[in-house]
Amino acid sequence: CILPHSTELLARPRALPDALRMAPAYSAVVLLFAAAAVAPIAALAEAPSDCGSACGGTGLAWGAPRVPPGQVLLQARATAHFHSREEALSRDHSLHRPEQTSLMETLRRAKDAAHDALEGAGKADRNATQAEWAQKMIDDIANDVLPGILADHHMDQKRLDETAGKIEGCLLRLQDRNETEIAPIMAAVASEKAELGRHREALKHMNATRETFCNGTHALLSSHSCVLPALLHPDELADYMDCVQQWLHESQALHSMCDEAHDNFTAQEKLVDGLQNNHTLRMCSLATDRTNVCGVYTACRVEHDGDYTQLVGEVVKSASGRKLEVQALAKITCFLEVVKMSPAELGTDAGRAKFASCEEHAPGNATLDLSFDFPHISKDVRCPLRRVEATGCVRKPGCEFDVPVLVTSHRREHLREEVDGSIGMGAESGPEERWILSDAGNGKVLISSYSGKHLQDFEGTVKLDVNLQAWEQWTLEDAGSSQVLLTSHRGQHLQDSEGTVKLGDGVQSGEQWAIHKEDGAPACLSLPSAAPAPAPTPSPTPPATTSAPTPRSCYMGDGAMGAYTVGAGESKVLNTDTAPEGFNFTSVTVAAGGTLEVEGSRPLVIRALERVEVFGLLNVSGGRGGNAGNDSPGAGGGAGGGALLVAAPLITVEGAVHADGGDGGDAGGPGQGTFANGHFGDGHGGKGRAGGHDGGAGSVGHDAGAAGS
């Protein structure tokens, strides 16, 4: 892409098409690179094409008005690298870094420029022009490019701090609501509880007094000592009546005190009952408020912790790419230092020694500090507020959160965390079988083990993990008969398959669970019912609408197979049947002149934690199709094709990748017994398909050719 004129571009930057607009921080650098390259390129276009062998295969010579090959090296770098920086902070930018290829081309051209400078050391006029240009490029790298890389790194650090700040904000908002809503009620409840205790103590004393008086009255009434005389003598009768009156007076006095004590007790009992009812209502309201506040906190943590986990992975990959950029720019600068050396220096061993040191130069990160200050984030997302012990409350629909529960399958065994951190089933009810349900927001639930890890659906495998993303969030649905379905983000149900914990699509007994608290009470009430299976649609059916596939993250393996290298002149073969799930390397390098080929019946899947670099040939082409049967005039077999998946943070292809179909097989002919001479010719090559087709049938009684491998 040749820019029309440097002065016009500098005067009218807004005339650039939208596709070439870039971030303001880098616009000036691109203009500097472009301005330095445009004029010599324009002069080159007007000069006669007679560079001959001096062009060195690049199409450019060093004599005026020619320019060194390296002069345009940063125009491509500027266009690709700085334009791509507009999207450098997108969530997936670390997976696609097209500027790396341009940077490698830049390095190669800088090396060519240094080599040509050494070759033309005796020509002072050329060297002066080169030195001026090289110094300008060195200044641009030092003053603009490297600070831009560092600015991007600081932006990533800022994103980390901001996301960590959001997580801290979850706790700060929880503390604020606790201080303004929960704590004042807790203080009032404590005062009410103390008052209730005092009145309960008074009620006990009143009951004791009532029992004393009433029991005394009963005892006196049942044990008076007055004796009715046998003879009806007036004096004896008078004495008897005096005794009875005395007994009756005493009994009435005791009964009056009993009656008063009973009235006092009844009034106090009514007061205590009222205070108890008010306290129960206040505690139930407080428990509800605490549940709501904690639900908001947990949902906030789930959201931002998930963002933080994803962001950490992104910025680490970005930093790895930037380190490679810095190293490449250091080598470029080293070669440019050779270009700007004086003719006298270039003519001595110093020039050659400097060039050799550039080739061997492998700088680390000394020039730029690309380390991160990762904020400490606690993995425990459980609500830190003290649980409110409330009894006598009306249960709302849903599950009780933040209380230990047992998750029991149809086989009466409990879900448990094994010693090695895996998921299993057991008949015990110890800490390993205790789980905590937490509100993750939007109707989702976290199911956390005693170690603080969360139940996870990892692409169809049940695991435990500290992450807080969609994989760790579950939906609980009523399956009837006090049973619950635990449904993952992928729509599959947790299943006890004869003691093995899996995920299934059905709603049979293996997918049904009972969730109870330690006292045996159900932890979940009135959950939404599981949606019934859709009834078959009667024909004719309208055209079905295909929904978009669920996005999946790019899995780059675990690096278990280490680094894999094919050296220059080497030829190696990977057999895909030996690794059905793919090859997991830390890095893959196919050097220039090296060849990596593939055999086996499966597609080639390469995953690398760091990078995949192909400077030679990666060949996953299909094999040749089978021949038609003997003398059959039928067509040969169709061409087999190659299939390839490569997943790595950085993928560089400077060589070639072939995924072609193989040649078709030979056709037969009357009387032909073999295909040694290929008389009837080969079929055409395939179209890169993953598998070809059988050849056409021959004459009657003869077989068609087989598909290519």
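If you're wondering where the values come from, they're calculated on a predicted model, not measured in any experiment.
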Would Ser378 and Asp380 satisfy side chain to side chain donor-acceptor pair (under 3.5 Å), going step by step from the backbone distance to the final call? CA-CA 5 Å; Ser378 172; Asp380 188 0; 5.5 Å; no
Can any side-chain N or O of [X] pair as donor or acceptor with the backbone N or O of [Y] at less than 3.5 Å?
| X | Y | result |
| --- | --- | --- |
| Lys331 | Glu359 | yes |
| Asp577 | Ser601 | yes |
| Thr586 | Ala563 | yes |

For the [atom1] atom of [X] and the [atom2] atom of [Y], what is their distance to the nearest 0.5 Å?
| X | Y | atom1 | atom2 | answer |
| --- | --- | --- | --- | --- |
| Asn575 | Glu599 | CG | CD | 4.5 Å |
| Leu324 | Leu329 | CG | CG | 11.0 Å |
| Ile167 | Leu172 | CD1 | CG | 12.0 Å |
| Met341 | Leu118 | CE | CG | 7.5 Å |
| Met155 | Ser318 | CE | OG | 12.5 Å |
| Asn467 | Gln310 | CG | CD | 10.5 Å |

Evaluation steps, side chain to side chain contact (heavy atoms under 4.5 Å, CB included), between Val614 and Val646: CA-CA 11 Å; Val614 180; Val646 178; over 6 Å; no
Using side-chain heavy atoms (C-beta onward) and a distance below 4.5 Å, is [X] in contact with [Y]?
| X | Y | answer |
| --- | --- | --- |
| Gln456 | Thr461 | no |
| Leu644 | Val598 | no |
| Leu146 | Ile141 | yes |
| Pro375 | Asp161 | yes |
| Lys111 | Phe355 | yes |
| Tyr564 | Leu574 | yes |
| Leu160 | Val312 | yes |
| Ile138 | Glu337 | yes |

Write down the atom of [X], the atom of [Y], and the distance for their closest heavy-atom approach.
| X | Y | answer |
| --- | --- | --- |
| Leu346 | Val338 | CD2-O, 3.5 Å |
| His153 | Ser371 | NE2-O, 2.8 Å |
| Cys358 | Phe335 | CB-CE2, 3.4 Å |
| Lys572 | Thr565 | NZ-O, 2.7 Å |
| His489 | Trp471 | NE2-CD1, 3.0 Å |
| Ala591 | Ala568 | CB-N, 3.6 Å |

salt_bridge([X], [Y]) N-O dist < 4.0 Å:
| X | Y | result |
| --- | --- | --- |
| Arg322 | Glu325 | no |
| Asp140 | Lys136 | yes |
| Glu472 | Lys453 | no |

Start with the C-alpha distance between Lys354 and Glu345, add both sets of side-chain angles, then the distance that settles salt bridge (charged side-chain N to carboxylate O under 4.0 Å, His left out), and finish with yes or no. CA-CA 10 Å; Lys354 177 68 174 177; Glu345 292 175 313; over 6 Å; no
For Asp156 and Arg159: C-alpha separation, side-chain torsions, deciding distance, then whether salt bridge (charged side-chain N to carboxylate O under 4.0 Å, His left out) applies. CA-CA 5 Å; Asp156 279 352; Arg159 293 169 66 206; 3.2 Å; yes
For atom CD of Glu162, is the number of surrounding heavy atoms from other residues, nucleotides or ligands below 6.0 Å larger than 12?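 For Glu162, atom CD is crowded (more than 12 foreign heavy atoms under 6.0 Å).
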Member of Thr589, Val620, Val590 meeting the side-chain contact (heavy atoms from CB on, under 4.5 Å) criterion with Leu596: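 Of all the options given, the one that passes is Val590.
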Show, in sequence, the C-alpha distance, side-chain angles and deciding distance for His454 and Val381, and conclude whether the side chain to side chain contact (heavy atoms under 4.5 Å, CB included) test is met. CA-CA 10 Å; His454 315 299; Val381 299; 4.0 Å; yes
Could you tell me how the ring of Phe374 sits relative to the ring of Phe372: parallel (under 30°), tilted (30 to 60°) or perpendicular (over 60°)? tilted
Side chain to side chain contact (heavy atoms under 4.5 Å, CB included) between Ile377 and Arg301, worked out: CA-CA 10 Å; Ile377 303 296; Arg301 285 294 307 270; 4.1 Å; yes
